Amino acid sequence: TTTAPVTRSADAATITDLSWLDAAATAVGTFVVAASNETAQASTRLIMALNAFPSSPNFQIYIDGSENIQYSITPDTGNSGIIAGGAVSAGIGFTAAFSYANNDMGAATDGTLGAPDDIVTIPLDINPTTLFIGAQTAGNLMWNGHIKSIRYWPSQLTDEELIELTTSQ
C-alpha cells in the first residue's frame, strides 16, 4: 500500500504443550540460543523463558536496558540466580548458553563465560507449564530482533561445552 500506514506485530510464541520436555528432568538442564538484537533500546527484552506460569520458578534469557545479556533463575523459595553475560551489539548475531543444577548455574556468551552462580536454588519439582519465546504474557518484554534457534539439553553441560557451543555458531 502507498496511502496507508503499515504496522507489523512482533512474532512471539507462548507454548503450553511441553510434552517434549521431561518435567521430572528439568531440575538440571541447558538452553542454547542463537539470536540477534536489531536495535538498542532502554528496556528489557525477553529472548526466552521457561516458567511454571503464572508463578515461579522461571528460567530466563533476556537483554536488559543497558544492552547486556542476562541469565536468570527465580525459584518459588530459596536463592535466585543471575549471571551477567556481557554486552551485545545491535544488528550482530550472538550465541548464548545457560546451564543449571542445584547450587550451580553457568552461562557463556559468544565463547566467554560469565561468573558462575553457586548459590541458586533449583527445586526438584519444577513442573514447567509454559515456554515463552520473544515476549512474555500480554506482549510485555517484546524482543526486537531475530531468534535463529533455541536448543535444550536435559543435562547440565560443562563450562567447556558452553564455550564450544557458543563459539561454533
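Small disclaimer: the values here were computed from a predicted structure and weren't measured. Numbering of residues begins at 1 and proceeds along the displayed sequence. Values below: all heavy atoms of this structure, side chains included; hydrogens, waters and symmetry mates excluded.
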Do the side chain of [X] and the main chain of [Y] share a donor and acceptor less than 3.5 angstrom apart?
X    : Y    : value
T109 : G85  : yes
T30  : S155 : yes
R151 : S149 : no
Y71  : A108 : yes
Q156 : D104 : yes
D110 : T95  : yes
T158 : E161 : yes

Applying salt bridge (charged side-chain N to carboxylate O under 4.0 Å, His left out) as the test, list every pair that has at least one member in residues 85-97; sequence neighbours left out.
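Qualifying pairs: none.
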Polar side chain donor-acceptor pair, [X] to [Y], under 3.5 angstrom:
X    : Y    : answer
N68  : S66  : no
E38  : N144 : no
E164 : T167 : no

Within the structure provided, determine whether [X] and [Y] are in side-chain contact (heavy-atom separation under 4.5 Å).
X    : Y    : result
I147 : I47  : yes
I73  : F59  : yes
I63  : W143 : yes
F98  : M105 : yes
L50  : L18  : yes
E67  : N37  : yes
T130 : I15  : no
I150 : V32  : no

Just verifying a value: how many Å separate [X] [atom1] and [Y] [atom2], rounded to the nearest 0.5 Å?
X   : Y    : atom1 : atom2 : value
D64 : S72  : CG    : OG    : 11.5 Å
I61 : I83  : CD1   : CD1   : 10.5 Å
N51 : L131 : CG    : CG    : 9.0 Å

Run Y62 and I69 through side chain to side chain contact (heavy atoms under 4.5 Å, CB included) and show every step you take.
CA-CA 6 Å; Y62 62 93; I69 193 160; over 6 Å; no
According to side-chain contact (heavy atoms from CB on, under 4.5 Å), who are the partners of D159, at least two apart in sequence or on a separate chain?
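For D159 the side-chain contact (heavy atoms from CB on, under 4.5 Å) partners, ignoring immediate neighbours, are L113, L162.
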Residue pair G134 / A12: nearest heavy atoms and the distance that separates them:
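Looking at all heavy atoms of both residues, the closest pair is C-CB, 4.1 Å.
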At their closest point, which heavy atom of Q60 faces which heavy atom of A49, and how far apart are they?
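Looks like CG-CB, 3.7 Å.
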Give me the ring orientation class for F31 and Y100: parallel if the planes are under 30° apart, tilted from 30 to 60°, perpendicular past 60°.
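Ring orientation, 0 to 90° scale: parallel.
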